[in-house]
There are 2 protein chains.
Amino acid sequence: MANMIDVARLANVSTATVSRVIQNPETVKEKTRTKVLKAIDELNYQPNILARYFRRTETKTILVMVPSIANNVFPQMIEGIDLVANQSGYKVLLGNTNQEPDKAYSYIEELKQKQVDGMILLTTRLDYQIISELGDDYPVVLTSDYIEGLTAPTVAIDNISSARVAVEHLLQLGHQRVGIITGPLDIPLSRDRLKGYRQALLERDIGVESVLIQEGSHSYESGYNQMQKFLALDKSPTAIFAANDTMAMGAIKAVKAHGLRVPEDVAVVGFDNIQFSAIFEPALTTIAQPFIEMGKRSMELLLKQIKGEPLEKKQHVLDTKLIIRESCGSQNQD
Amino acid sequence: MANMIDVARLANVSTATVSRVIQNPETVKEKTRTKVLKAIDELNYQPNILARYFRRTETKTILVMVPSIANNVFPQMIEGIDLVANQSGYKVLLGNTNQEPDKAYSYIEELKQKQVDGMILLTTRLDYQIISELGDDYPVVLTSDYIEGLTAPTVAIDNISSARVAVEHLLQLGHQRVGIITGPLDIPLSRDRLKGYRQALLERDIGVESVLIQEGSHSYESGYNQMQKFLALDKSPTAIFAANDTMAMGAIKAVKAHGLRVPEDVAVVGFDNIQFSAIFEPALTTIAQPFIEMGKRSMELLLKQIKGEPLEKKQHVLDTKLIIRESCGSQNQD
DNA sequence: TTGTAAGCGTTATCAA
DNA sequence: TTGATAACGCTTACAA
C-alpha cells in the first residue's frame, strides 16, 4: 500500500503538500493540487487512518453505553444517534454493560484513554458523582435519566409530568381507584414516574394508598405478577398505570387470566409506546417517548462538546405524547 | 499524561523493557519487572492505545453490518456477537446500512483501510461476488444468509428444511389448503423458505397453487394485506405459513378483522420466535431461530480468521426448533 | 536479560 | 505557496 511519501515523490512535492491537499485543498495552488491528486489516483493512495488518529489523538468514534441491546427501546435511540453520527463522520461503538458495573467502568476507561472521542450513556446506574466528574473532563451526554443537579448534559423526557398525564387520563375516564406498577425504584426514572402518579391523585384529592403501589422490574412477568396482587385485593383497582408497556402487557394478561376484560373491567395505561404496543390486543393506550429524537439530540449535544462549542442549554427535555388506543376505553378525547 | 519514556526514565530502564513488562512480563527479570511496575503505578501510566494500534496495524475492533438496528432480530444477534467479542478483548462497531448500498460500501472501505480487524454481515443485499472477494482478502463472516457457492464463511440456519417443518406441522394437523406469505423474494432467505413450503406440499402430493403464494415485505402491514387477499379468495386457505412472526401477527389480525378465529378457522405458523411472539394472542406457533447462538458462532469464526487459524468448516448451519403454542391449535405433539 | 535505535505514516511548526 | 523536519508513543529487530 502506497503511503504519503510515495505520493509526494511521484508528484514531486513534499509530504506536507500532500497532506494539505487532503486536509485543506484550498490552501494549495490549483496546479500543484491537480498534480498531487493525479499521483494519489495513480497510486490508488488511501491515507492511513490509524496513523492519523494517532497523530491527532482523536478517533471519530463515540461510544454508546447501554444496559442491554436486546431491549425494545434502546435500539431506537441508537438509531437516532447513529443517524447524526454518520452525517458528521463519526462511528458508533457499542458498549453493552449487561448491568455489570465493571463493564461500565471499563468503557469509562476507554473514554479516558481517548479510544473514543465521547460517550453517550443511555440510562445508568452509575453514581451521579462519577458521571458529573466525567462530564467535567470529557464529552459526555446522559440520555433518558434526568438527574437533579447533575452537571453533565442530559437529554430526557419529563417523567413526572408524563406519568401525571397518563394517570390523569385514567381519572378523567372516571376511575377513582388507580393502581401503579412501577419500575425498579433504585433508578430515578422509576421514582419520577411514581411521583407523577402521586401528583395526579393528590390534585384530585384522592388519597395515595400504599397497597395500590407495586414495584415491578420492567419485565412482562413482573407486570403479570404485580397485577395478580392487585386482583387479589378486597377492593382491587379499576385502573392501572404501568410504568412501561411491557409491564402493561403483563398486567393485561393477568386481568384476562382472571376472567376480566380490558378496558371494561380494568383500564390499563402504559408508558414508552414500543413498536408492539399498537399490535397488542387491546392496543395499548400509552405515553409515547420520542426515542429517535432523543438519540439525535444526544448526539448533537455530544458533537458540540467534542468540537468545544459552548452549550446554550445543558438539560434538554423532550415532549412526550399520550397515545389513546384501546386499553383504557375512550370517550372521544381530541 | 505520562508516556513510556517517563516510565523508563523513572525506573531506570529502557522503553523496550517497559514495553516488555506490559506485553510479555515473563521475559523480564522479576526484579526489573517490579521496578517498572512501581514506576507505572507511581506515574499512573496508561499506554497510548492509539499509538499501539497504529504501530501494530490492528484495532481490536470489528464491525457489524446490519440493515437496521431497530428491528427485533438483529439486536439479539448483536448481543451474541458482543458477548464473545468482549471476552476476547474486541470492540463492536455498529454499521447500520439503512438498506442504502452506499453505506454498505463505505463500511467495506473501513475494513479495507484496516480501521477494523474484521466484519460480520447480518444479512445483506450485496452482490455475492463482492462478498466472496472480500472474504478472500479480509476476515469476514456472513450471518443468516446461506448462499450456495459462497467462499466466505457463513453462519445460518437451514431455511428450507425449517420452513418445511413449519408447513408439515400444518399438514399434520389436517390442513389441505395452506397459503404462504413470503418475505421479499429478492433475498435468498425468502426464496429458501418458499422452497421449504413447496417441498412440504409436494411430499404429500398436494399441488402448489400460485394463488396461495403471496409476497410480503416482512412487515406487519404486509402480513395483514396479504392475508386479506387470501380471505377474498373463493376457496380461501385454512392455514397460513408466514415467513416471519411480524407478518404472522398481521395475518392473524386480518383473520380476526374478518370475523374469523385463529386457530379454529385459520391456523397460522410464523418464523423467528421473536420475543413478542409468546405474548401475542394467540401465542404464536413458530420456528425458533437461535439468534444469540448465531451471533456467538459468527464472532468465533471471525476471531479465528483474524488470528489466522484455519477454519475446519466454513458453512455453519445451526438448528432451529418448532415451538408449538396456540396459533395453530394442537393435538399434543411431543 | 536488557539496551539501542529504527521505524510506523501522519500532521504541524517554522522557515523559506 | 511550498518544503524540511520534528514530533506523536509505541514495538521490535538486533546488538550487547
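The sequence lines fix the lettering, A, B, ..., with proteins before strands; numbering per chain opens at 1.
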(request) To the nearest 0.5 angstrom, please state how far the CD atom of B:Glu42 sits from the CG atom of B:Leu10. (result)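 With rounding to 0.5 Å, CD (B:Glu42) is 5.0 Å from CG (B:Leu10).
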(request) Ignoring hydrogens and angles, state whether a donor on the side chain of A:Gln46 or B:Lys112 is under 3.5 Å from an acceptor on the partner side chain. (result)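 The criterion, which ignores hydrogens and geometry beyond distance, is not satisfied for B:Lys112 and A:Gln46.
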(request) Classify the nucleic acid contact of B:Val18 as base, sugar-phosphate or nothing, counting any heavy atom under 4.0 Å across all strands shown. (result)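 Touches nothing.
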(message) Taking any heavy-atom pair under 4.0 Å as a contact, classify A:Asn24: base, sugar-phosphate, or nothing.
(response)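 Here A:Asn24 touches no strand at all.
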(request) Using the salt bridge (Lys or Arg N to Asp or Glu O under 4.0 Å) rule, take A:Glu300 and A:Lys296 through it: C-alpha gap first, then chi angles, then the decisive distance, then the call. (result) CA-CA 6 Å; A:Glu300 286 162 4; A:Lys296 283 189 189 173; over 6 Å; no
Dump every N/O contact between nucleotides 8-10 of chain D and the protein below 3.5 Å, one line per pair.
from   : atom 1 : to      : atom 2 : distance (Å)
D:dC10 : OP1    : B:Tyr45 : OH     : 2.4
D:dC10 : OP1    : B:Asn48 : N      : 3.1
D:dC10 : OP2    : B:Met4  : N      : 2.6

(request) Could you tell me whether B:Glu26 and B:Arg33 make a salt bridge, using a distance below 4.0 angstrom between a side-chain N and a carboxylate O? (result)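 Salt bridge between B:Glu26 and B:Arg33, a charged N being under 4.0 Å from a carboxylate O: no.
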Taking side chain as C-beta onward, heavy atoms only, is [X] less than 4.5 Å from [Y]?
X        : Y        : result
B:Val116 : B:Ile62  : no
B:Pro184 : B:His218 : yes
B:Tyr107 : B:Thr97  : yes
B:Pro188 : B:Tyr128 : yes
A:Met1   : A:Tyr45  : no

(request) Measure from the side-chain N and O atoms of A:Ser190 to the backbone N and O of A:Asp186, and report whether any donor-acceptor pair falls under 3.5 Å. (result)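 Answer holds: no.
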(request) Tell me, please, the opening and closing nucleotides of DNA chain C, 5' to 3', among those with an atom under 4.0 angstrom from a non-hydrogen atom of chain A. (result)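 The footprint of chain A covers C:dG9 to C:dT13.
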(message) Short of 4.0 Å, heavy atom to strand atom, which residues of residues 30-43 of chain B count as contacting DNA chain D?
(response)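 Heavy-atom contacts with DNA chain D come from no residue of residues 30-43 of chain B; none.
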